[in-house]
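Okay, so here's the structure we're looking at.
Chain naming here is simple, since letters A, B, ... match the order of the sequence lines and numbering starts at 1 in each.
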Amino acid sequence: MTDVIDKPKQDGPDLKVVGTRPVRPDGVDKVTGRAAFGADYRLPGMLTGRILRSPHPHARIVSIDTTKAKALAGVKAVVTAADFPDLDSEEYEAGESAADIRDLSLNVMARHKVLYDGHAVAAVAATSASVAEEALGLIEVVYEVLPHVTDVVEAMSPTAPLLHEGMITQGVTPPPTRPSNIAKRFASQRGDLEAGFAAAEVVIEDSFTTQAVHQGYIEPHACVATMTEDGQSVVWSSSQGQFMVRTYCAKLLGLEVADVRVIPAEIGGGFGGKTTVYLEPVALALSRISGAPVKLVMSRDEVFRATGPTSGTAITVKIGATRDGRFTAAQVELKYQAGAFPGSPAGAAVMTALACYDLENFSIIGWDVVTNTPKVAAYRAPGAPMVAFAVEGVIDELARNLGIDPIAIRELNGVRDGMKASYGPTFRNIGFQETLQAAREHPHYSAPLAPGEGRGVAAGFWFNVGGESTAALHLNEDGSAVVVTGSPDIGGSRASMAMMAAEVLGVGADRVRPVVADTASIGFSMLTGGSRTTFATGMAVTQAAQKVVESLKARAAMTWETGAEHVAWENGQAICLDPAKDVKALSLAELAANAARTGGPISAEVSLNAQGAGPGFGVHICDVAIDRETGHVAITRYTAVQDVGRAIHPAYVEGQIQGGAAQGIGWALNEEYVFGDDGRMQNSGFLDYRMPVASDLPMIEAVMVEVPNPRHPFGAKGVGEVPIVPPLAAVANAVRGALGFRMAHLPLSPPKVRAALDRSG
Amino acid sequence: MSKVHIRARVNGDPVEFLAEQGMTLLDALRDELGLTGAKEGCGSGDCGACSIMVDERLVCSCLMLAPEAEGRRIETIEGMARDGGLHPLQRKFLEHAALQCGFCTPGLLVAAKALLDQNPDPTETETRFWLAGNLCRCTGYDKVIRAVMDAAAELRQAHSA
């Protein structure tokens, strides 16, 4: 064996580090309070910033007078949209969604119009927080209040107030002649829908709604930024991508990219919500005027009103099947709320809606609709959970109607290798059937239910992505190594990077220190999102380690005065295969110590654009008990089964599955944006926006199925997003089982369950 | 506005600082004393990320004013590891992978220690209800609860040995 890893390893036992559960390298910092998150940075001479936000969901800005605020002692800068370039539309790809730079700029600071309650209109930097807050009160904004619309279906009405007066729906032929709030129509179809439904012996159709929900990261957005008189800028911020922050700051402020350096803070949760910027360009604009570093930190109220969330939706699903359970046709129409600017995940929802199933005839239509609510941001498998809630609910009804086991009907119709996915490509190395089988065979699935309890099953799909990543590996003189990436570590990815490098080098994971570097210290990397980091950045890390091993082998060959083809790398040492030489193996540490005499420092950097991310599938089983007096739904048992390709660090893979399931349970049972008639959010705090707490949940059993992805050196597939796709439907299907009737409108909160029980008599 | 002079003990050490009347103890710890282990997740006592001990009582430091700390004994996450070693709770959090982003972790650890100080043998349900004031969005709590109960078992064993 001369090459360590040049083809996928299918057999686990060969691996010494991958698949083990070492303590994460950044762990001690995080259990001792040392880890520095966005709000923990402090610079000499730093000013405190505050943002003035619109109290109206829709209004024209008639005038903004900042004279009094600027005159207040201690105020060093006040900015409005006039301090930012008025940009043209330009699409920019970042991770899992594209952003229009003009929309992004208008979202960061409103110009001419405010489009939601909480929309930023001005910002202040002052010598203290109290002065900054006082200054906000001195800014005089004159608004002409306009009628507003927050609901996605109402926003589609021809009589709804228009957010963007010139917006013509894209994706419709011929283009509409009148503007509307419908930004885009997506369509996907196959076969003959009419013939498919004609062949059906049972047809089930139902309509579903879900409410906007927030990613709910516990760390509010925060940054410190500084700009010198010649435009040299440094930003410390908590985000899912320091390069994303750099690009957006440069675009929004008209700076050279090379003049902006972004230093990633630890990130206190993102889930997609930190794949864009809100504060960083504002802090830089304030610093440009004041000449001092400026810190901006959001309150929780600001996080709810002005960042995230994901779309509220209205979805109709119709599926036909034969008596033996084979699907003959499916029709889906989905309406997704985009918030103030186009860009809901309706397109991804159209692609994922039927991705789990083999269907000859289908039609899926999606609508991206703007509303007077915060501009939606990515949230874990963007768009997929809501449409899965609807599709998996109808499949559950079909199974009930036909008297077929809910897992069996999914096994019968579920996709397999070689089938053409509903969204285009042909599936290879997928593990949906294996995942269904593992769920069916799990003891949970056959465990008896207590009287009054219900059990629900649902499946979920996510593409997973690859993309651009850079990694560097530097060997130190004592044989230890540093692995440097540009991918923020949200949930333990530093550990997997160190483990993959260690596996290739043939050393223990504790000999490799992983570092997440700033934008000036490592090559470009797309943000952490789309479940791409362990796959794509992991691939760059693996290749960098392989290059280092090649260099080590060459140096051993030089030492032994033989050809590199006569050197093998095994267990962290070079072995001579040349029968003419009688030499001892050279260890990594010996070769590293001797580097100066064999050609200098041993380092490698790899930049790549990873392709071939393997799609992921999950199947969740949920048991619920319902308190018929209060309407409270208790989750009594939960099992989440998922194909993970190969788990690099199984404990953190389980963590992704458990965390995703918990977020989905919150979405199903309690979480929702509540808007008053005045268009303002009524529950912009954690007391009223009710995320799951420890006492709301049981243990969540994560079951990992491993169908390796041959395109990754160790077989990894993305794992972070799939687990939030099935829970909405799994919970709702369980509630259906317990109640005897379906509730199709989330959340299934106590008042709604109580009302449904009253209606059902 | 003139500032108030405050004297207290933090993690066993005497401290003195100046704070505006309306400043929260959380802001004073973070901005005046440089102890940034306690985090602000909500500022309204709902998330528990700012949990500290004041005279052996678990409090949200965002709900307490800095001047109220006068003469008090305060313990923060920075004081949990002693004599160059981690507290068993900290060690178990690492072994069980009970953190992902780590932002809620200091508050969870302080709250979990408060639980074990008064109830060395909590049930899973007791642990879940005690920690219901500490939001974690990453883990789904599974590994957190396991880590706390495992630490409790280890501490009981050490105590009886």
SG-CD distance between B:Cys47 and A:Glu219, expressed to the nearest 0.5 angstrom: 11.5 Å
Test item: B:Leu135 and A:Met691 side chains (from C-beta on) under 4.5 Å apart, heavy atoms: yes
Heavy-atom proximity to chain A below 4.5 Å, by part of B:Leu109: side chain
Most chain B-contacting option - heavy-atom pairs closer than 4.5 Å, from A:Gly685, A:Ala36, A:Ala662, A:Ala651: A:Ala651
Carboxylate-amine/guanidinium proximity below 4.0 Å for A:Arg21 and B:Glu95: no
Residue-level interface, residues 96-108 of chain B with chain A, non-hydrogen cut-off under 4.5 Å: B:Ala97, B:Leu99, B:Gln100, B:Cys101, B:Gly102, B:Phe103, B:Thr105, B:Pro106
Backbone N/O of A:Ala694 and side chain of B:Arg128: donor-acceptor pair under 3.5 Å: yes
B:Cys42 side, atom SG; A:Tyr689 side, atom OH - distance, nearest 0.5 Å: 15.0 Å
Side chain / backbone / both / neither for A:Ile490 at chain B, heavy atoms under 4.5 Å: backbone
Donor-acceptor under 3.5 Å (A:Arg300 side chain, B:Gly41 main chain): yes
Side-chain heavy-atom pair A:Phe271, B:Cys138 within 4.5 angstrom cut-off: yes
Minimum heavy-atom distance A:His214-B:Arg137, with the two atoms named: O-NH2, 3.0 Å
Verdict with supporting geometry, A:Asp40 and B:Lys39, side chain to side chain contact (heavy atoms under 4.5 Å, CB included): CA-CA 9 Å; A:Asp40 298 337; B:Lys39 307 296 180 191; 2.4 Å; yes
Toward chain B, the part of A:Ser299 with a non-hydrogen atom under 4.5 Å: neither
Polar side-chain atom of B:Tyr141 near backbone of A:Asp696 as donor-acceptor pair, under 3.5 Å: no
Side chain / backbone / both / neither for A:Val303 at chain B, heavy atoms under 4.5 Å: neither
Structural part of B:Glu40 lying under 4.5 Å from a heavy atom of chain A: backbone
Chain A contact via B:Ser44 - side chain, backbone, both or neither, heavy atoms under 4.5 Å: neither
Segment of A:Pro698 engaging chain B (4.5 angstrom heavy-atom cut-off): backbone
Any B:Glu124 side-chain heavy atom under 4.5 Å of A:Met699 side chain: yes
Donor-acceptor under 3.5 Å (B:Asp142 side chain, A:Ile700 main chain): yes
Contacting region of A:Gln215 [heavy-atom separation from chain B under 4.5 Å]: backbone
Partner chain B: residue of A:Gly216, A:Gly269, A:Gly492 with the largest heavy-atom pair count (under 4.5 Å): A:Gly216
Interatomic spacing from CG in B:Asp31 to CE in A:Met46 - rounded to 0.5 Å: 7.0 Å
A:Ile267, part contacting chain B, at a heavy-atom distance under 4.5 Å: backbone
B:Phe129 portion near chain A, given a 4.5 angstrom heavy-atom threshold: both
Exercise: identify the closest heavy-atom pair between B:Gln90 and A:Val31: NE2-O, 2.8 Å
Pairwise side-chain contact, B:Thr139 with A:Gln658, heavy-atom cut-off 4.5 Å (strictly under): no
Rounded distance [0.5 Å steps], CD in B:Glu20 versus OG in A:Ser128: 5.5 Å
Side-chain heavy atoms of B:Leu86 within contact of A:Val28, under 4.5 Å: yes
Which portion of A:Ala661 sits near chain B, non-hydrogen atoms under 4.5 angstrom: neither
Structural part of B:Asn134 lying under 4.5 Å from a heavy atom of chain A: neither
Contacts of residues 57-72 of chain B with chain A (heavy atom under 4.5 Å): none
